[in-house]
Q: 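Here it is, the structure, as structure tokens.
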Amino acid sequence: MRVIESADEIRAVRRSCAEPVALVPTMGALHAGHLALLETARSHSRTSFASLFVNPTQFGPGEDFDAYPRDPDRDLATFEAYDIDYVFMPSVEEMYPPGGTTTVDPGAIGTVLEGRARPGHFKGVATVVTKLLILIRPDVAVFGEKDAQQVVVIRRLVKDLLLGMEVLDVPTVRDPDGLALSSRNAYLTRDQRRDGAILYRALLAARRRWEAGERDAEALREIVRREVAARPSASLEYVSVADPETLEEVSQAQAGALISLAARVGSARLIDNIRLSP
Ligand code: AMP
């Protein structure tokens with residue numbers, strides 16, 4: 001495994017890589033969710049890249065950029081153990097040349113749900129991911145369903161900017177009680193971690209009602225609201241039942257619709273989602 005910090009060096013090694021090439025972008029603090037992405041990347045490529053970069057532009061003012069968990073030595077050892085060929089670990093100055101003004105704006109799909117709660121978040125995500133995709137030119141880029149809107153935004157930008165690579169999404173890896181693994185779970189106390197499991201249980205309750213024939217999206221949102229309200233340490237920020245491609249709210253929940261939510265549990269802001277499947 002080789003660790004690379006400069007964009008020029010990445011471009012140079014990329015020229016002689018065996019193809020297909022896969023890329024897993026990460027912000028580090030690796031957990032089993034990331035490992036599932038690394039395995040997918042390995043099984044779809046002859047040369048695998050991961051990136052390790054806590055991207056400042058996707059954090060809003062007052063968010064946890066400074067506090068975000070960082071453990072690069074442990075992360076590098078994990079990438080090595082998973083046989084990743086190249087890890088791109090740039091500095092902020094390398095990714096964002098001083099004085100830079102160019103950004104990538106994903107438009108309306110970046111301003112609903114997480115984008116409404118976190119203004120500018122998806123502009124930051126789209127900008128950094130576009131840079132990574134242009135630099136590394138992977139055949140396959142791998143992301144987690146855990147961040148469902150992120151996958152929608154990235155599929156859209158790959159299409160709109162004619163980048164041409166395949167975007168693979170990997171099912172959410174969860175703790176045995178259903179809590180989606182997240183680097184931010186490190187902020188939870190033991191009791192909050194236990195309460196965090198309500199988020200997935202609430203999503204499952206809504207899906208069960210849908211499987212039993214309920215199609216009224218507002219009734220499904222209400223189930224999630226009620227379930228989460230039963231846990232005093234959890235406070236729901238939003239629940240959405242939306243079209244899986246446009247992310248517009250629906251009134252009737254068809255197969256494939258995406259139920260997603262964000263909630264505060266203690267000091268952590270957690271997100272989760274589930275698809276309605278027949
Ligand atoms: P992050 O380091 O949080 O930016 O995440 C890097 C990638 O890992 C993103 O594509 C995430 O969607 C994905 N990811 C994060 N948590 C999980 C999880 N629990 N299961 C699967 N993928 C995940």
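Both counts, for ligands and for their atoms, begin at 1 and track the order of listing. When reading the values below, keep in mind they use all heavy atoms of this one structure, side chains included, and skip hydrogens, waters and symmetry mates. All values reported here derive from a predicted model rather than from experimental measurement.
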Q: How close does the nearest protein non-hydrogen atom get to atom 1 (P) of ligand 1, and which residue and atom is it?
A: His34 NE2, 3.6 Å
Q: Is NZ or CZ of Arg269 both nearer than 6.0 Å to the six-membered ring centre of Tyr238 and within 45° of the ring axis?
A: no
Q: Decide if atom CZ of Arg209 counts as having more than 12 heavy atoms of other residues, nucleotides or ligands within a radius under 6.0 Å.
A: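 No, CZ of Arg209 has 12 or fewer neighbouring heavy atoms, counting only those of other groups under 6.0 Å.
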Q: Non-hydrogen atoms of Pro25 versus ligand 1: any pair closer than 4.0 Å?
A: yes
Q: For ligand 1, which atoms have a heavy atom of Phe143 less than 4.0 angstrom away?
A: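 Those of ligand 1 that fall under 4.0 Å from Phe143 are 10 (O).
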Q: Could you tell me whether Leu181 and ligand 1 have an N or O pair separated by under 3.5 Å?
A: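 Yes, Leu181 has an N/O under 3.5 Å of an N/O on ligand 1.
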Q: Look only at interatomic distance and state if Met27 has a nitrogen or oxygen under 3.5 Å from any nitrogen or oxygen of ligand 1.
A: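 Among all N and O atoms of Met27, at least one is under 3.5 Å from an N or O of ligand 1.
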Q: Quick one: does Thr111's side chain have a donor or acceptor within less than 3.5 Å of a partner on Ala108's backbone?
A: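 Confirmed, Thr111 side chain pairs with Ala108 backbone.
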Q: Counting both backbone and side chain atoms, is some N or O of Val173 under 3.5 Å from an N or O of ligand 1?
A: yes
Q: Are more than 12 heavy atoms from other residues, nucleotides or ligands located less than 6.0 Å from atom CD of Glu19?
A: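 Enclosed.
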Q: What about Asp147: any of its N or O atoms under 3.5 Å from an N or O on ligand 1?
A: yes
Q: Would Tyr68 count as a contact of ligand 1 if the rule is a heavy atom under 4.0 Å away?
A: yes
Q: Could you find the nearest protein heavy atom to atom 10 (O) of ligand 1 and give me its residue, atom name and distance?
A: Gly144 N, 2.9 Å
Q: Is Pro171 near ligand 1, meaning one of its heavy atoms is under 4.0 Å from it?
A: yes
Q: Which of the numbered atoms in ligand 1 are below 4.0 angstrom from a heavy atom of Thr172?
A: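 Numbered from 1, ligand 1 contributes 19 (N), 20 (N), 21 (C).
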Q: Which ligand 1 atoms does Gln150 reach within 4.0 Å, using its non-hydrogen atoms?
A: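 Those qualifying, in numeric order: 9 (C), 10 (O).
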Q: Below a 4.0 angstrom heavy-atom separation, can you tell me which part of Leu37, side chain or backbone, both or neither, approaches ligand 1?
A: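 The answer is the side chain.
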Q: Can you find a heavy atom in the side chain of Ile84 that is under 4.5 Å from one in the side chain of Arg42?
A: yes
Q: Is it the case that the side chains of Ser240 and Glu249 hold a donor-acceptor pair, with the cut-off being a distance below 3.5 Å and no angle test?
A: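 Glu249 vs Ser240: donor-acceptor pair found between side chains.
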Q: Geometry only, no angles: is Val170 polar-contacting ligand 1 at N/O separations under 3.5 Å?
A: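 No; the residue has no nitrogen or oxygen that sits under 3.5 Å from a nitrogen or oxygen of the ligand.
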Q: Tell me whether the NZ or CZ atom of Arg174 lies within the 45° cone about the ring axis of Tyr200 and under 6.0 Å from its centre.
A: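 Cation-pi check for Arg174 and Tyr200: passes.
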Q: Would Leu37 end up clustered with Val151 when hydrophobic side chains under 4.5 Å apart are linked, directly or stepwise?
A: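 No: no chain of side-chain contacts under 4.5 Å links Leu37 to Val151.
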Q: Can you find a non-hydrogen atom of Glu145 under 4.0 Å from ligand 1?
A: no
Q: Under a 4.5 Å side-chain heavy-atom rule over Ile, Leu, Val, Met, Phe, Trp and Tyr, are Leu23 and Leu157 clustered together?
A: yes
Q: Relative to atom 16 (N) of ligand 1, which among His31, Arg184, Arg174 owns the nearest non-hydrogen atom?
A: His31
Q: Any nitrogen or oxygen of Thr26, main chain or side chain, under 3.5 Å from a nitrogen or oxygen of ligand 1?
A: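 The answer is no, given that Thr26 and ligand 1 share no N or O pair closer than 3.5 Å.
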Q: Please tell me whether Ile271 and Leu258 are part of a single hydrophobic cluster in this structure, the criterion being side-chain heavy atoms less than 4.5 Å apart.
A: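 Per the 4.5 Å side-chain linkage, Ile271 and Leu258 are not co-clustered.
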Q: Could you walk me through whether Lys146 and Asp272 pass salt bridge (charged side-chain N to carboxylate O under 4.0 Å, His left out), step by step?
A: CA-CA 6 Å; Lys146 153 93 176 10; Asp272 203 350; over 6 Å; no
